[in-house]
Peer 1: 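Okay, handing you the structure first.
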Protein chains: 2
Amino acid sequence: MVPTPSRATAAPADADPAAGSPAEEGLRERKKRARRAALIDAAQMLVAEHGLDAVTVEMISAEAGVSARTFFNYFESKDDAVLGAEDSGLPEDVVEAFVAGGPTGRLLPDLEALVASLLRPHAEAHDRVVRAMDLMQQEPRLLQRHVLWMDRHKNRLVELFEARRASAPFSTDNELLTMLVLLLIRTALVAWEHAGYTGDPADHLPAAVAQLVDVVTHDLDS
Amino acid sequence: MVPTPSRATAAPADADPAAGSPAEEGLRERKKRARRAALIDAAQMLVAEHGLDAVTVEMISAEAGVSARTFFNYFESKDDAVLGAEDSGLPEDVVEAFVAGGPTGRLLPDLEALVASLLRPHAEAHDRVVRAMDLMQQEPRLLQRHVLWMDRHKNRLVELFEARRASAPFSTDNELLTMLVLLLIRTALVAWEHAGYTGDPADHLPAAVAQLVDVVTHDLDS
DNA sequence: TCATCTTATTGCAGTAGATGAAATTTTGCG
DNA sequence: CGCAAAATTTCATCTACTGCAATAAGATGA
């Protein structure tokens with residue numbers, strides 16, 4: 001049997017109108033990208049409709065026109081596909097600025113800058129992230145994967161913190177700082193959600209920081 | 001015995017949730033407790049030795065002398081058994097104090113008090129928590145479950161925040177506050193771990209708060 | 001002590017996520 | 001075209017987890 005309409009998606013071939021085609025990208029890379037996107041779309045659509053547990057990877061794979069085994073060549077788990085998790089690393093320049101003790105020289109604003117650059121890629125894949133956020137509310141299990149993602153980056157973050165200590169010493173524990181990063185990410189994303197997903201997630205970062213400062217300093221005041 | 005008319009179905013009557021009085025405990029409850037403990041011990045021991053993925057629930061069950069099916073009568077998942085997760089709620093008096101705007105009237109210290117009471121039960125089951133913490137470092141997947149636990153309590157926390165708003169208004173978002181609770185819990189636990197698990201996890205809470213204040217206020221100073 | 005009701009354990013069958021390996025197809029390129 | 005590299009698929013297998021029906025083990029009351 002194998003009713004795979006694999007042709008269907010690949011049909012438009014290279015009918016690229018205009019020369020807008022990403023020249024540097026081979027056909028192979030192209031298809032890979034397309035498949036991945038198709039799988040994420042299928043996963044998010046099906047889960048939104050039937051719920052996380054009612055959707056099997058076979059359904060998702062069938063919807064995307066690939067075998068179930070191929071699915072796992074693209075994602076480590078079903079949940080990953082639903083979240084459409086992309087592991088885009090931190091930009092070089094931002095990292096360099098941070099470890100050098102910049103850009104402002106004060107830890108909290110510099111963390112903010114770091115988080116902003118972590119949030120930026122989320123703005124690009126706007127729709128997918130929005131769908132992922134919505135699904136995360138309905139399916140708390142997905143929030144767990146979000147944390148696993150965090151855990152993967154944790155080592156990298158700790159490296160950055162250690163590196164920065166050399167040029168601009170500070171006393172705060174690495175653990176607290178990573179949790180602070182997580183707090184900022186989450187707060188900004190939720191604020192973005194509450195704002196109806198308008199604009200950029202990073203836009204809500206300053207407000208998050210302001211709130212944090214508020215809570216902590218109120219402690220000292222009154 | 002007083003002739004109580006309405007006791008159609010088995011009345012749990014006392015049902016003392018606190019494990020304080022073993023005398024009042026029937027043999028059934030006893031065995032249940034013992035089995036549960038045996039399963040947790042077996043799970044933690046085996047995982048410590050062979051790693052999380054190399055240990056099957058069959059091994060754990062066999063080690064504890066029960067069937068694999070029974071295992072799932074006690075735990076929702078393998079990971080839960082390894083963590084030995086207990087869902088002890090917040091004490092009444094602490095909750096009341098918090099929603100009334102106390103005990104200090106300032107949000108951050110009051111959050112600290114709340115977290116302290118969340119950490120206290122961890123001190124009782126000292127050994128198991130220690131082993132769970134160690135395993136969490138080796139097996140990041142377990143950290144996810146820790147978050148699921150958090151998620152379960154999140155609704156309760158949000159209720160508390162909302163209730164407190166009535167008597168002692170504040171502007172901070174619920175999301176930021178829950179993340180702050182998570183940050184304090186995690187920071188205190190890690191500090192406790194670094195201290196060689198001496199004393200109480202809650203002992204390290206003040207230091208965590210101090211660090212947080214430090215990071216945020218340094219922003220304002222320089 | 002026995003009869004009985006309730007509750008816990010178990011065996012069995014089945015679903016579904018995830019992985020490894022070999023076979024097959026697709027793509028890149030000279 | 002024809003060959004080599006890479007990706008997809010098929011197939012077998014493991015394991016976590018669940019529902020159901022049968023059975024064993026406390027609890028209870030006379």
Side-chain angles (χ1 to χ4, degrees), chain A residues 1-7 9-11 13-14 23-36 38-39 43 46-47 50-62 64-83 139 141-142 144-145 148, chain B residues 1-4 7-15 24-36 38-39 43 46-47 50-62 64-83 139 141-142 144-145 148:
Chain A
M1 5 223 256
V2 189
T4 49
S6 54
R7 276 293 173 188
T9 53
D14 57 335
E24 296 295 343
E25 211 173 37
L27 173 60
R28 212 162 220 163
E29 307 292 319
R30 246 185 149 60
K31 277 201 148 183
K32 231 172 157 178
R33 228 176 245 292
R35 279 211 201 290
R36 188 185 166 83
L39 283 168
L46 287 170
V47 170
H50 303 108
L52 187 53
D53 292 327
V55 174
T56 71
V57 306
E58 296 224 6
M59 292 187 209
I60 299 172
S61 311
V66 298
S67 79
R69 189 61 182 79
T70 299
F71 176 96
F72 288 104
N73 287 345
Y74 283 86
F75 303 97
E76 282 186 14
S77 70
K78 185 173 76 172
D79 297 2
D80 275 348
V82 175
L83 290 179
E139 311 278 357
R141 222 183 66 200
L142 294 176
Q144 294 180 243
R145 275 277 158 178
L148 218 181
Chain B
M1 292 274 190
V2 181
T4 48
R7 52 193 289 273
T9 53
D14 44 356
E24 296 293 345
E25 212 172 39
L27 173 59
R28 211 163 220 164
E29 308 291 320
R30 251 183 138 61
K31 277 200 148 185
K32 228 174 160 176
R33 229 175 245 292
R35 277 211 203 292
R36 187 186 167 81
L39 283 168
L46 288 170
V47 171
H50 303 107
L52 186 53
D53 291 326
V55 173
T56 70
V57 305
E58 296 224 7
M59 292 187 209
I60 299 172
S61 310
V66 298
S67 79
R69 190 60 184 81
T70 299
F71 177 95
F72 288 105
N73 287 345
Y74 283 85
F75 302 98
E76 281 186 15
S77 71
K78 186 172 76 172
D79 297 3
D80 274 349
V82 175
L83 291 179
E139 311 280 357
R141 222 182 65 201
L142 293 177
Q144 294 180 245
R145 275 276 157 178
L148 217 181

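In the text below, chain A, chain B and the rest are named by the order of the sequence lines, each starting its count at 1. Just so we're clear, the structure is a prediction, and the values are computed from it rather than from any experiment.
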Peer 1: Go nucleotide by nucleotide along DNA chain D from the 5' end; which of A:Arg69 and B:Lys31 gets its closest nucleotide reached first?
Peer 2: A:Arg69

Peer 1: Over how many whole Å does the gap from B:Asn73 atom CG to D:dC20 atom C1' extend?
Peer 2: 13 Å

Peer 1: Taking CD from A:Glu29 and C1' from D:dA6, how many angstroms apart are they, rounded to a whole number?
Peer 2: 11 Å

Peer 1: Nearest-Å distance, CZ (A:Arg141) to P (D:dC17)?
Peer 2: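 Distance, rounded to whole Å: 10 Å.
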
Peer 1: Do you know which two heavy atoms are closest between B:Phe71 and B:Ala81, and how far apart they sit?
Peer 2: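 Answer, listing the atom of B:Phe71 first, then B:Ala81: CZ-CB, 3.5 Å.
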
Peer 1: Nearest to the side chain of A:Thr70, heavy atoms from C-beta on, is which of D:dT8, C:dT6, D:dC17?
Peer 2: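 Output: D:dT8.
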
Peer 1: Output the rounded distance in Å from CZ (A:Phe72) to P (D:dT8).
Peer 2: 14 Å

Peer 1: To the nearest angstrom, how far is B:Arg33 atom CZ from C:dA8 atom C1'?
Peer 2: 16 Å

Peer 1: Between A:Ala68 and B:Lys78, which has a closest nucleotide on DNA chain D that is more 5'?
Peer 2: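 In this pair, the answer is A:Ala68.
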
Peer 1: Is the shortest side-chain N/O distance from A:Arg35 to OP1 or OP2 of D:dT8 below 4.0 Å?
Peer 2: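 Checking A:Arg35 against D:dT8: at least one side-chain N or O falls below 4.0 Å of OP1 or OP2.
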
Peer 1: List in chain and number order the residues that pass salt bridge (Lys or Arg N to Asp or Glu O under 4.0 Å) with B:Glu76, two or more places apart in sequence or in another chain; answer none if no residue qualifies.
Peer 2: B:Arg152

Peer 1: Between A:Phe71 and B:Ser67, which is nearer to the 5' end of DNA chain C once each is assigned its nearest nucleotide?
Peer 2: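 Nearest-nucleotide comparison on DNA chain C picks B:Ser67.
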
Peer 1: Using a heavy-atom distance cut-off of less than 4.0 Å, which residues of residues 51-60 of chain A contact DNA chain C?
Peer 2: A:Val55, A:Thr56, A:Val57

Peer 1: In whole angstrom, give the distance that lies between atom CZ of A:Arg36 and atom C1' of D:dA7.
Peer 2: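 It works out to 16 Å between those atoms.
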
Peer 1: To the nearest angstrom, how far is B:Lys32 atom NZ from D:dA27 atom P?
Peer 2: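 Taking atom P of D:dA27 as the reference, NZ of B:Lys32 is at 12 Å.
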
Peer 1: How many whole angstroms separate atom CG of B:Asp79 from atom C1' of D:dA16?
Peer 2: 10 Å

Peer 1: Please enumerate all residues that pass side chain to side chain contact (heavy atoms under 4.5 Å, CB included) together with B:Arg36, with sequence neighbours excluded.
Peer 2: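 B:Ile40, B:Tyr74, B:Phe75, B:Glu86.
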
Peer 1: Which side-chain N or O atoms in residues 50-62 of chain B pair as donor and acceptor under 3.5 Å with protein atoms at least two apart or in another chain?
Peer 2:
unit_1: B:His50; atom_1: ND1; unit_2: B:Leu46; atom_2: O; d: 3.4
unit_1: B:Asp53; atom_1: OD1; unit_2: B:Arg141; atom_2: NH1; d: 2.9
unit_1: B:Thr56; atom_1: OG1; unit_2: B:Glu58; atom_2: N; d: 3.4
unit_1: B:Thr56; atom_1: OG1; unit_2: B:Met59; atom_2: N; d: 3.2
unit_1: B:Ser61; atom_1: OG; unit_2: B:Val57; atom_2: O; d: 2.5

Peer 1: C:dA8, OP1 or OP2 - any side-chain N/O from B:Tyr74 closer than 4.0 Å?
Peer 2: no

